[in-house]
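A short worksheet on the structure shown next.
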Amino acid sequence: MKKALIPVLALAAAAVAVPAAAQNYDRNDRNDRYERQHDRDDYRNWQSISQRKYQLDRRIDNGMRNGSLSRREAGRLKTELNSLVRLERSYLRGGLTRWERSDLDRRYDRLAYQVRSERRDRDDRRY
């Protein structure tokens, strides 16, 4: 019985593998699947705007509290953060398009970089 089972399993495996190997994959089809997969990954890894706003606001407050940001630096960063929130609200009125979402992402990334660099600049100006 065992001797007969091995060739049957090999035949079944070959029957499944041969049609898959003979399948014609179009290059555009692979690119489309790749793009769709990465679009899904972008949505899964994408933080909501309110989460990013909250985190940046908290980092600015912590920087002021621990002395790594001056009042002037924190005020300027808060002003930029509030202008981003206003921009987001205007984008959301008509529904957030892909371009608008990526624009907000770029702007929030730039602001996060500014917060990080201002907190690390050690300029010791506290006015």
Side-chain angles (χ1 to χ4, degrees):
M1 172 87 173
K2 289 182 184 179
K3 289 183 181 181
L5 187 60
I6 292 173
V8 170
L9 289 175
L11 184 62
V16 171
V18 169
Q23 196 172 17
N24 184 13
Y25 287 104
D26 184 21
R27 182 181 195 102
N28 291 331
D29 183 44
R30 280 185 289 177
N31 289 339
D32 290 344
R33 281 185 283 143
Y34 176 81
E35 288 172 5
R36 282 193 306 265
Q37 178 65 38
H38 285 282
D39 285 347
R40 272 185 263 137
D41 291 344
D42 287 346
Y43 284 114
R44 262 184 270 160
N45 295 331
W46 185 69
Q47 282 185 322
S48 72
I49 301 297
S50 60
Q51 286 174 329
R52 292 188 78 174
K53 183 215 175 288
Y54 173 75
Q55 287 175 350
L56 283 171
D57 194 36
R58 192 181 56 180
R59 286 175 57 201
I60 294 168
D61 289 341
N62 287 341
M64 257 185 61
R65 204 172 303 119
N66 69 19
S68 60
L69 285 175
S70 67
R71 282 189 198 154
R72 180 181 290 174
E73 290 170 334
R76 184 179 52 78
L77 292 169
K78 288 267 190 176
T79 301
E80 289 183 35
L81 181 61
N82 290 332
S83 69
L84 271 177
V85 170
R86 282 192 302 277
L87 178 66
E88 175 202 358
R89 285 187 192 138
S90 70
Y91 281 169
L92 285 173
R93 278 188 212 123
L96 197 62
T97 66
R98 190 178 198 163
W99 182 89
E100 291 168 340
R101 190 190 82 179
S102 65
D103 182 47
L104 286 172
D105 277 338
R106 278 191 305 271
R107 290 173 188 251
Y108 271 104
D109 288 342
R110 191 177 318 126
L111 183 58
Y113 175 77
Q114 287 173 348
V115 170
R116 185 171 44 250
S117 65
E118 289 291 343
R119 287 184 70 181
R120 294 179 180 177
D121 67 358
R122 298 176 189 248
D123 59 2
D124 294 329
R125 287 177 279 150
R126 303 293 170 233
Y127 49 86

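For clarity, every value in this text was computed on a predicted model and none was experimentally measured. Numbers for residues simply follow the sequence, beginning at 1.
Residues meeting the side-chain hydrogen bond (donor to acceptor under 3.5 Å, both in side chains) test with Arg93, sequence neighbours left out: none. The side-chain hydrogen bond (donor to acceptor under 3.5 Å, both in side chains) test applied to Gln114 returns no partner, not counting sequence neighbours. For the side-chain hydrogen bond (donor to acceptor under 3.5 Å, both in side chains) test, no residue two or more places apart in sequence or in another chain qualifies with Arg59. With sequence neighbours left out, Arg106 forms a salt bridge (charged side-chain N to carboxylate O under 4.0 Å, His left out) with Asp103. Here Tyr108 pairs with nothing under the side-chain hydrogen bond (donor to acceptor under 3.5 Å, both in side chains) rule; sequence neighbours left out.
No single ILVMFWY cluster, assembled from side-chain heavy atoms under 4.5 Å apart, contains both Tyr113 and Leu77.
Note that CZ of Arg98 and CZ of Arg101 are 7.0 Å apart. Values are rounded to the nearest 0.5 Å.
Residues Lys53 and Leu111 are not in side-chain contact: their nearest non-hydrogen atoms beyond the backbone lie 4.5 Å or more apart. For the pair Ile60 and Glu118, the minimum side-chain heavy-atom distance is 4.5 Å or more.
Nearest approach of Ser68 to Glu73, heavy atoms of both residues: O-OE1, 4.0 Å.
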Would you tabulate the side-chain donor-acceptor contacts of residues 78-89 under 3.5 Å, counting partners in other chains and residues two or more places apart, or write 'none'?
from: Lys78; atom 1: NZ; to: Asp57; atom 2: OD1; distance (Å): 2.3
from: Lys78; atom 1: NZ; to: Asp61; atom 2: OD1; distance (Å): 2.9
from: Thr79; atom 1: OG1; to: Gly75; atom 2: O; distance (Å): 2.8
from: Glu80; atom 1: OE2; to: Arg76; atom 2: NH1; distance (Å): 3.0
from: Asn82; atom 1: ND2; to: Lys78; atom 2: O; distance (Å): 3.3
from: Ser83; atom 1: OG; to: Glu80; atom 2: O; distance (Å): 2.7

